[in-house]
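Worksheet for the structure shown next.
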Protein chains: 2
Amino acid sequence: MAQDTPPAKRGRKRAVREDEVVAAAIRLLGARGADAVSIRGIAAELGLAPNAVYTYFPDRAAVVGAVVEHLLGQTDLAALTSRDTPWRDRIHALATDLRHRLLAHPGAVHLLLSGPMDGPHALALGEALLAVLTDAGLAPTEAARASYLLIVQVLGAIALEAAELPSPDPAPPIAERVATRREQLRAVPAHLYPRTTEAADTIAQFVSDEQYAWGLDRVLDGIEGRAKD
Amino acid sequence: MAQDTPPAKRGRKRAVREDEVVAAAIRLLGARGADAVSIRGIAAELGLAPNAVYTYFPDRAAVVGAVVEHLLGQTDLAALTSRDTPWRDRIHALATDLRHRLLAHPGAVHLLLSGPMDGPHALALGEALLAVLTDAGLAPTEAARASYLLIVQVLGAIALEAAELPSPDPAPPIAERVATRREQLRAVPAHLYPRTTEAADTIAQFVSDEQYAWGLDRVLDGIEGRAKD
DNA sequence: CAAATTTCTGTACGCTGTGCAATTAATGTA
DNA sequence: TACATTAATTGCACAGCGTACAGAAATTTG
């Protein structure tokens, strides 16, 4: 059986553990935005000299990768694959969960998109999506394409929302963000952009749960049309 | 009539023009990636001291915003709204154009997503999309939501593709990127991720024109289902 | 106790954005 | 022509970043 106690290595003891580095990074991410996730900031958070971080990760990109993995690992994949509820509802639940989780740390999605998502949790998420979409009646190839489409949709929507948030703040509530957008849209000259002006109310609500769910539903409609059931 | 010659201002003459600053930034973006788009790099490119750039833009974010505007302004919106071809084809053409243009400078999409897209060219793009989708038979509110969905889809797909490119290089050809992905997928343990392993060929082709077009078609299917025609 | 090994620290280099004061170059007025 | 006014540019400086290198500290093995 796997013995928990490591085989008593030789040199000096480690002051922290790798997961504490990740935890410190996420603490900074939540408190002061993506730019605050710096080697020096993490080291200060842990009470270490900056260089000590390089004992645990080879460079900053590796730390960010571990943070991304941690964030992706928080999603409940069991709920995604359980067949108690219709598959569309399960995907909706996952997407909503991801959105709230990632918008809770504005800038987190920047980290997601700053490197390839090839860790175990990313793979597990893809695998679970494949299972759901196979359930939905898609052939393997179509299920794979649809899973990527969904990832694109979810991360794209979150990225666009995050793009208009000044990163350090703890993300104002949606109602306030919509109000800000509506205010800015009042400055759009109606003679140059008549349709934009006419649809200003809807456009102001692009950053809302409703728009997010609407877009996801259109994507799911398109996917459902490919099911052979 | 509007007189071209500016009314002979008082102080020292400007060494460059604002659009030359943007051009220098784009030159750097293409040659050395998004990280090279720095105030100091731009200044060196123009033969100026770094601070001189602040004569033309208040801070780096403003320069990036101008670069984004320039990139968005290169798209042919006239072709998007002309009714010679079916609306789906027109959107396909726009999406393809945007993808190739943005992937030509890997990291460009990072700039796009680093701030709100509220410039005139961004507005014009939105307005043109609204026109196309109204043509397609959508009510104004639905057209607005669908236009945002399309922007999310296009930028999301490009962002995910760019995420796995090491930014400075001039973007290897698609075939090579697919081959790299296929190679990496061979390391995925089949017993943990059976469906992923089975669909590896399709997954390797996530970064391809075909997947991009497929996803766009599913989104358009979903949108078309809302047309009242 | 000494040797070996690992981790942590001190220092340093080159890079970033950008604020402040002084300089340079152009124009308007006397 | 001389001077004042104004705008653009520069030099310098500061604080921050990632990270490479050498040495000190801590811990286990012989």
Side-chain angles (χ1 to χ4, degrees), chain A residues 3 5-22 24-25 27-29 31-68 107 110-111 114-115 166-168, chain B residues 3 5-22 24-25 27-29 31-68 107 110-111 114-115 166-168:
Chain A
Q3 189 72 22
T5 47
K9 286 202 305 181
R10 198 133 121 128
R12 182 172 177 171
K13 275 204 171 77
R14 294 193 161 194
V16 297
R17 276 171 291 116
E18 296 184 14
D19 61 86
E20 296 182 72
V21 177
V22 174
R27 229 174 297 137
L28 287 169
L29 178 65
R32 305 200 282 113
D35 289 348
V37 182
S38 65
I39 297 290
R40 298 175 118 99
I42 292 167
E45 191 81 7
L46 297 170
L48 294 176
N51 308 349
V53 176
Y54 290 92
T55 304
Y56 304 92
F57 296 95
D59 52 24
R60 192 189 109 101
V63 181
V64 169
V67 168
V68 167
H110 273 88
L111 300 187
S114 69
S167 88
Chain B
Q3 190 70 22
T5 47
K9 286 203 305 181
R10 195 125 125 138
R12 183 173 176 171
K13 275 203 171 72
R14 295 194 160 192
V16 297
R17 276 171 291 115
E18 296 184 14
D19 61 87
E20 296 183 71
V21 177
V22 173
R27 228 174 296 136
L28 288 169
L29 178 65
R32 305 199 283 111
D35 289 350
V37 182
S38 65
I39 296 291
R40 297 174 118 99
I42 292 167
E45 190 82 7
L46 297 170
L48 294 176
N51 307 348
V53 176
Y54 290 93
T55 303
Y56 304 90
F57 295 95
D59 51 26
R60 192 189 108 100
V63 180
V64 170
V67 168
V68 167
H110 271 86
L111 301 187
S114 69
S167 86

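Quick note on labels: first sequence line is chain A, next is B, and so on, each numbered from 1.
For the pair A/R17 CZ and C/dC8 P, the computed distance is 13 Å after rounding to whole Å. In this structure, A/L28 atom CG and D/dG16 atom P are separated by 14 Å, rounded to whole Å. The distance from atom CG of A/D35 to atom C1' of D/dA15 is 15 Å, rounded to the nearest whole Å. As rounded to whole Å, 10 Å separates atom P of C/dC15 from atom CZ of B/R32. Summarising the geometry, the separation between CG on A/L48 and C1' on D/dT19 is reported as 16 Å, rounded to the nearest angstrom. We find that CZ of A/F57 is positioned 16 Å from P of D/dA20, with the value rounded to whole Å.
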Identify every side-chain donor-acceptor pair in residues 34-48 of chain B under 3.5 Å, counting partners at least two apart or on other chains, and give the distances.
residue : atom : partner : partner atom : Å
B/S38   : OG   : B/G41   : N            : 3.0
B/E45   : OE2  : B/R27   : NH1          : 2.9

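Within 4.0 Å of B/S38, counting heavy atoms only, lie sugar-phosphate atoms of the nucleic acid but no base atom.
The heavy-atom pair separating A/G107 from A/L29 by the smallest distance is C-CD1, 4.3 Å.
Take A/A62 and apply the side chain to side chain contact (heavy atoms under 4.5 Å, CB included) test, not counting sequence neighbours, and it matches A/F57, A/P58, A/D59. Residues satisfying the side chain to side chain contact (heavy atoms under 4.5 Å, CB included) criterion with B/R14, sequence neighbours excluded, are B/E18, B/T55, B/Y56. Under the salt bridge (charged side-chain N to carboxylate O under 4.0 Å, His left out) criterion, B/D19 pairs with B/R17, sequence neighbours left out.
For A/T55, a side-chain nitrogen or oxygen approaches OP1 or OP2 of C/dC8 to under 4.0 Å. Phosphate contact (OP1/OP2 of C/dC8, side-chain N/O of A/Y56, threshold under 4.0 Å): present.
Of all nucleotides listed (D/dT28, D/dT9, C/dT7), D/dT28 comes nearest to the side chain of A/K13.
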Give me the distances for all protein-to-nucleotides 18-22 of chain C N/O pairs that come in under 3.5 Å?
residue : atom : partner : partner atom : Å
C/dT18  : OP2  : B/Y54   : OH           : 2.9
C/dT18  : OP2  : B/R60   : N            : 2.9
C/dT18  : O5'  : B/Y54   : OH           : 3.2
C/dT18  : O4   : B/R40   : NH1          : 3.3
C/dG19  : O6   : B/N51   : OD1          : 3.1
C/dG19  : O6   : B/N51   : ND2          : 2.8

Under 3.5 Å, which protein N or O atoms sit close to an N or O of nucleotides 2-6 of chain D? Give each pair with its distance.
residue : atom : partner : partner atom : Å
D/dT5   : O4'  : B/R10   : NH2          : 3.2
D/dT5   : O3'  : B/R10   : NH2          : 3.4

